[in-house]
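What you are looking at is a predicted structure, and each value in this text was computed from that prediction instead of being measured. Quick note: numbers below take in every heavy atom, side chains included, and nothing from hydrogens, waters or symmetry partners. So you know, we letter chains A, B, ... as the sequences are listed, proteins then strands, and number each from 1.
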Protein chains: 2
Amino acid sequence: MAPRTRRSQRRTEALSRERIVEAAVELLDTAGESGLTFRALTERLATGPGAIYWHVADKDELLDAATGAVVAAALAVEPATHAEAAELAKPAESPDSPQDKIRAIAFGLFDAIEDHPWLPTQLALQLSRSPWGSVTPQIFEGIGRQVRALGVPEGHWFTATSALVHYILGATGQNAANAANAANTASARTLAPDVDREEFLDAASKAWGELDPDDYPFIRAVAAQMREHDDREQFLAGVDLVLTGITALHLPGEQDRTTPPAT
Amino acid sequence: MAPRTRRSQRRTEALSRERIVEAAVELLDTAGESGLTFRALTERLATGPGAIYWHVADKDELLDAATGAVVAAALAVEPATHAEAAELAKPAESPDSPQDKIRAIAFGLFDAIEDHPWLPTQLALQLSRSPWGSVTPQIFEGIGRQVRALGVPEGHWFTATSALVHYILGATGQNAANAANAANTASARTLAPDVDREEFLDAASKAWGELDPDDYPFIRAVAAQMREHDDREQFLAGVDLVLTGITALHLPGEQDRTTPPAT
DNA sequence: TCCACTATGGAGCGGTGTTCCAATACTGGA
DNA sequence: TCCAGTATTGGAACACCGCTCCATAGTGGA
């Protein structure tokens, strides 16, 4: 059982589930997924494993909680923060449209991986391990409300929402690797603009380019675009693609409100 | 280094990377992800860890190889095997259309999780860990060729293919949990039709239905559909949704060839 | 004052991935 | 045919992990 009431102060700040989760997130951020260890955690919190296990059942549960906390923070950001990206692509569209809100959620998660490179892996794990956990529903709910607001008929809510969520989580995950590289060196947003990100993409697209041309003609063909693409733009294009599918399929009267044919 | 030439027979079948990967897949299938242990592997192959490490660098590399082998097998199945599902939804469409081939690939992977419940987790992990590995390109290439065949302009190949691949892998993953349950009891295809699958979905949708109605109104609303939906049908609907987005966005002249407005 | 209960920290257990190394199987050349 | 020398093997040992168990300390109520 967990502590029920808050008690008087101790010499050191009392241990709590929140403090543990917070420490776990920091460890994940600074030391990577393999850095989150009960040993490291006990050292950081100046306690023993037993104390931690009184607040948390499992390492899995701890990972769940850490992921949930980060996702909640990412979803709680002011939607306007990410409006730039949305307006970047559709200046003519109402800024409060469900489409824009979906894009805002998507970018909220997309941007969260910059500080938390371990996020996509955990999201993917929890999606395929326990979809009914505490974190997947957060995302599903956020996207789903906007799908409903779009006017999608109720019978298709699940499919439409799933398509969006899966794309967002998948694409976010694919971009995790480079983000991890960028984050490992110095503060991410500084000038020195991703020297090793280039290096990394070089290696990746080189690896793809070196695949057997007979077996992988398509991949070799897109390897070039891979190197030049802008992550956020590409990501947004994918979200809009799914949005287009939803509106074209379920809102026959409103195709014009979605992305016009690309240039 | 790996063995270069095949040698004469030994008393026991010579150890080889193939034999190791094969054993790993069997262990994963029968004992789950936690069942793949170097100890279990050495016992099954009647050897020591050192011998295995001469053929395989890492446990990660072993998992990669196992995943790659299973994916290759799944993609190699006769496309007609899964045509049923495609025709189920669009009897009027040419059976060899790129759309149908994409659906066939999707169902190939979808069906593979029945025998290999660990697949989606590994796919998700490798997608977010090393997208340039040996398994992601296989899927990307297969889907990408059909995207190209659809007539999508080259500049959008990457986005369109990504959207499809991410949806397929994500949705496959989400369905992994129930499949795992179904597989754990007796042979999967037998009569006794998923007693515990129902049980499982009950628990899942019940858990969703019990979420705080104030925080999760949307999820509670779809929890009902969740229980009744047919996995394959739902999965197909998602694939078609993305396909519709692709054609509507990039092939303005051919919307009529894709899914008509649902009933 | 005593007691039941919450909460803590540490010793230690079983198990894991991995390394290291001595011993063996095998090969090509003398 | 024998003999280096390399390719391959099996097993002991290591460092580390998640986790359990337990003796103990703090706390509030009777």
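In this structure, B/Arg17 places its CZ atom 14 Å from P of D/dT8, rounding to the nearest Å. Following rounding to the nearest Å, A/Leu63 (CG) and D/dG18 (C1') show an atom-to-atom distance of 12 Å. The NZ atom of A/Lys59 sits 13 Å away from the C1' atom of C/dT16 (whole-angstrom rounding). To the nearest angstrom, C1' of D/dC19 lies 8 Å from CZ of A/Phe38. A straight line from CD of B/Glu33 to C1' of C/dG17 spans 17 Å, rounded to a whole angstrom. A straight line from CD of B/Glu61 to C1' of C/dG17 spans 14 Å, rounded to a whole angstrom. Taking atom CZ of A/Arg39 as the reference point, atom P of C/dT16 lies 16 Å away to the nearest angstrom. Separating the CD1 atom of B/Ile20 from the P atom of D/dT8 is a distance of 12 Å, rounded to the nearest angstrom.
The CG atom of B/Leu62 sits 8.0 Å away from atom CG of B/Leu28, with the distance rounded to the nearest 0.5 Å.
For A/Thr37, whose side chain is taken as the heavy atoms from C-beta onward, the closest listed nucleotide among D/dT9, D/dA13, D/dC17 is D/dC17. Among the nucleotides D/dT8, D/dC19, C/dT18, the one closest to the side chain of B/Trp54 is D/dT8. Closest to the A/Leu15 side chain, of the nucleotides C/dT8, D/dT9, D/dC19, is C/dT8.
Contact annotation: the side chain of A/Leu36 approaches that of A/Lys59 to within less than 4.5 Å [non-hydrogen atoms, C-beta and beyond].
Side-chain contact check for A/Thr67 and A/Gln126: at least one donor-acceptor pair (N or O, by modelled atom type) lies under 3.5 Å.
Every pair passing salt bridge (charged side-chain N to carboxylate O under 4.0 Å, His left out) that includes a residue from residues 34-52 of chain A is listed here, sequence neighbours excluded: A/Glu26-A/Arg44. Applying the ring pair (Phe, Tyr, Trp, His ring centres under 6.0 Å) test to residues at least two apart or on different chains, the pairs with a partner in residues 17-43 of chain A are A/Phe38-A/Tyr53.
Note on B/Leu36: only backbone sugar-phosphate atoms sit closer than 4.0 angstrom, heavy atoms only; bases stay farther off.
Taking every heavy atom of residues 40-53 of chain A and every atom of DNA chain C, pairs under 4.0 Å involve A/Ala46, A/Thr47, A/Gly48, A/Pro49, A/Gly50, A/Ala51, by number.
A side-chain donor-acceptor contact under 3.5 Å links A/Ser16 to the backbone of A/Arg19. Side-chain N or O atoms of B/Glu61 include none that pairs as donor or acceptor with a backbone N or O of B/Val56 at under 3.5 Å.
One finds no side-chain N or O of B/His55 lying less than 4.0 angstrom from the OP1 or OP2 phosphate oxygen of D/dA7.
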